[in-house]
Amino acid sequence: MSIPGIEVPDELGAHEPAARTVTPEGDVLLLVPGGSPAARAAAYAQHDDLACVMEITDVAPVAMPHRIRGRAWISGWLTPVRNGERAAGAALMAERHPVGELLGLREALLPDSGNGPSPRTLWTLLRLEVAEACVDDLWGADDVEPEQFAVADPDPLAAHEADLLQHLHSAHSDQVRGLCALLGDRSSLVCTHGQAIPVALDRFGLRVRFTDASGRPFDARFDFPEPVRTVSELRRAMHLLFDAAG
């Protein structure tokens, strides 16, 4: 997280948001340590606009070369969540991050004392009002308007993707490798070389990283017959893929 005009120390990386979520209005809520540079800068700015850029790096959950699947940048204005809004924001954060209480999220429910930060406030809720966003990932690069960001729904498999990919890699590696049979003319070039590693999974399909005869990796996308909404539907879709590969 970078804050133009604010000198941020190198150790800011140790103060990355402990949790984040998006409100129905499209704002990003961030749970940060109360003494972090971001919390101090937002409190110091008071009612002034504090410009901020949040960078998100998406790393594949399965070990492989070139694990970074993409990056996103969200820029806007950072403010503390205050007074009555704090309870609603903390409740939303706790609902989407069940470990919130362990992170000291209850402290975010304390009312403002009016005398500056309370020594009991271990965590601070910040709001990032989105001005613009952009994404650069395996599917390409594009800008995202704030209105698009606000109405976007998370992929139904997002919360399970890491576990599912790791399971596919550890328990079904032969079947994943067998998907090379669906690559047409390229099948004979990749089915006998290197590993086949599941890279990404969403409601529309599975992406696998193969290695060609020259040792160069490449990704192949295997689409499901129709988008899946649950893990049960995913299981059926994966069986259809494996069956199609023979």
Side-chain angles (χ1 to χ4, degrees), residues 20-22 54-74 96 130 132-145 147-246:
R20 63 178 181 264
T21 192
V22 179
M54 179 173 66
E55 178 178 345
I56 302 170
T57 302
D58 179 25
V59 180
V62 179
M64 69 185 79
H66 313 294
R67 286 182 68 178
I68 294 179
R69 301 188 298 189
R71 287 187 171 90
W73 295 266
I74 302 174
R96 297 178 181 176
V130 178
E132 57 183 10
C134 58
V135 177
D136 184 359
D137 60 17
L138 296 172
W139 293 264
D142 206 353
D143 295 328
V144 181
E145 294 297 326
E147 295 78 11
Q148 295 174 303
F149 184 84
V151 301
D153 291 324
D155 190 278
L157 300 182
H160 311 287
E161 186 200 19
D163 290 339
L164 291 168
L165 288 176
Q166 290 169 354
H167 175 73
L168 281 173
H169 185 56
S170 62
H172 301 280
S173 58
D174 288 342
Q175 290 169 292
V176 172
R177 183 182 177 80
L179 293 176
C180 66
L182 302 177
L183 297 178
D185 294 339
R186 304 186 73 176
S187 297
S188 60
L189 298 177
V190 301
C191 284
T192 58
H193 296 85
Q195 288 183 304
I197 304 174
V199 177
L201 178 68
D202 57 45
R203 65 185 181 274
F204 298 111
L206 172 70
R207 184 180 291 265
V208 178
R209 182 161 298 168
F210 295 98
T211 302
D212 65 18
S214 64
R216 292 175 300 185
F218 72 93
D219 290 358
R221 173 85 177 180
F222 301 96
D223 293 329
F224 300 140
E226 58 185 22
V228 301
R229 296 164 296 179
T230 66
V231 174
S232 295
E233 291 182 3
L234 170 67
R235 190 175 295 111
R236 290 193 291 271
M238 290 302 305
H239 280 304
L240 290 175
L241 267 184
F242 292 150
D243 288 345

Undergrad: Looking only at non-hydrogen atoms, find the nearest pair between Leu182 and Ala244 and report the distance.
TA: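 Minimum heavy-atom separation between Leu182 and Ala244: CD2-O, 3.5 Å.
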Undergrad: Compare every heavy atom of Thr211 with every heavy atom of Phe218, then report the nearest pair and how far apart it is.
TA: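 Closest approach of Phe218 to Thr211: CE2-C, 4.4 Å.
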Undergrad: According to side chain to side chain contact (heavy atoms under 4.5 Å, CB included), who are the partners of Asp58, at least two apart in sequence or on a separate chain?
TA: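 Partners of Asp58 under the side chain to side chain contact (heavy atoms under 4.5 Å, CB included) test: Arg69.
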Undergrad: Evaluate the criterion side-chain contact (heavy atoms from CB on, under 4.5 Å) for residue pair Leu206 and Leu165; output intermediate values, then yes/no.
TA: CA-CA 9 Å; Leu206 172 70; Leu165 288 176; 4.1 Å; yes
Undergrad: Quick check: does any side chain N or O of Asp243 sit under 3.5 Å from a backbone N or O of Gly246, one acting as donor and the other as acceptor?
TA: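 Judged by distance alone, no pair lies under 3.5 Å.
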Undergrad: Indicate the atoms forming the closest heavy-atom contact of Ala181 with Ala245, along with that distance.
TA: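 Shortest heavy-atom separation between Ala181 and Ala245 comes out as CB-O, 3.6 Å.
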Undergrad: Is there side-chain contact between Val228 and Phe204, with at least one heavy-atom pair below 4.5 Å?
TA: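 No, side chains not in contact.
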Undergrad: Can you tell me how far apart OG1 (Thr57) and CD1 (Ile68) are? Round to the nearest 0.5 Å.
TA: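 Taking OG1 in Thr57 and CD1 in Ile68, the distance rounds to 6.0 Å.
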Undergrad: Could you state the interatomic distance from CG (Asp142) to CG (Asp137), rounded to the nearest 0.5 Å?
TA: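 One gets 9.5 Å once the value is rounded to the nearest 0.5 Å.
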Undergrad: So, taking the atom named CD1 in Ile74 and the one named CZ in Arg20, what distance separates them when rounded to the nearest 0.5 Å?
TA: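 Ile74 atom CD1 to Arg20 atom CZ measures 7.5 Å (nearest 0.5 Å).
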Undergrad: Taking distance alone, no hydrogens or angles, what donor-acceptor pairs closer than 3.5 Å link side-chain atoms of residues 147-156 to residues at least two apart or in another chain?
TA:
from: Gln148; atom 1: OE1; to: Glu145; atom 2: N; distance (Å): 2.8
from: Asp155; atom 1: OD1; to: Leu157; atom 2: N; distance (Å): 2.9
from: Asp155; atom 1: OD1; to: Arg203; atom 2: N; distance (Å): 3.4
from: Asp155; atom 1: OD2; to: Arg203; atom 2: N; distance (Å): 3.0
from: Asp155; atom 1: OD2; to: Arg203; atom 2: NH1; distance (Å): 3.0

Undergrad: For Leu240 and Phe224, run side-chain contact (heavy atoms from CB on, under 4.5 Å): C-alpha distance rounded to whole Å, both residues' side-chain angles, the deciding distance at 0.1 Å, then the answer.
TA: CA-CA 8 Å; Leu240 290 175; Phe224 300 140; over 6 Å; no
Undergrad: Short question: side chain of Glu132, backbone of Asp143 - any donor-acceptor pair under 3.5 Å?
TA: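 No; zero donor-acceptor contacts below 3.5 Å.
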Undergrad: Taking all heavy atoms of Arg207 and all of Leu138, pick out the closest pair and write down the distance.
TA: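 Smallest interatomic distance, heavy atoms only, reads CD-CD1, 3.6 Å.
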Undergrad: Do the charged groups of Arg221 and Asp223 touch, with an N to O distance under 4.0 Å?
TA: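 Counted as a salt bridge, because a side-chain N and a carboxylate O are separated by less than 4.0 Å.
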Undergrad: Take His169 and Val176 through the side-chain contact (heavy atoms from CB on, under 4.5 Å) test and state the conclusion after the steps.
TA: CA-CA 8 Å; His169 185 56; Val176 172; over 6 Å; no
Undergrad: CG/Asp174 to NE2/His172 distance, rounded to the nearest 0.5 angstrom?
TA: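 With rounding to 0.5 Å, CG (Asp174) is 10.5 Å from NE2 (His172).
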Undergrad: Run Phe222 and Leu183 through side-chain contact (heavy atoms from CB on, under 4.5 Å) and show every step you take.
TA: CA-CA 9 Å; Phe222 301 96; Leu183 297 178; 3.9 Å; yes
Undergrad: Would you confirm whether Arg67, through its side chain, and Ala60, through its main-chain N or O, come within 3.5 Å as a donor-acceptor pair?
TA: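 Yes.
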Undergrad: Tell me if a side-chain donor or acceptor on Arg209 pairs with a main-chain N or O of Pro65 at a distance below 3.5 Å.
TA: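 Answer holds: yes.
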Undergrad: How many angstroms lie between atom CG of Leu179 and atom CG of Leu168, to the nearest 0.5 angstrom?
TA: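 Answer for the CG-CG pair, Leu179 versus Leu168, is 9.0 Å.
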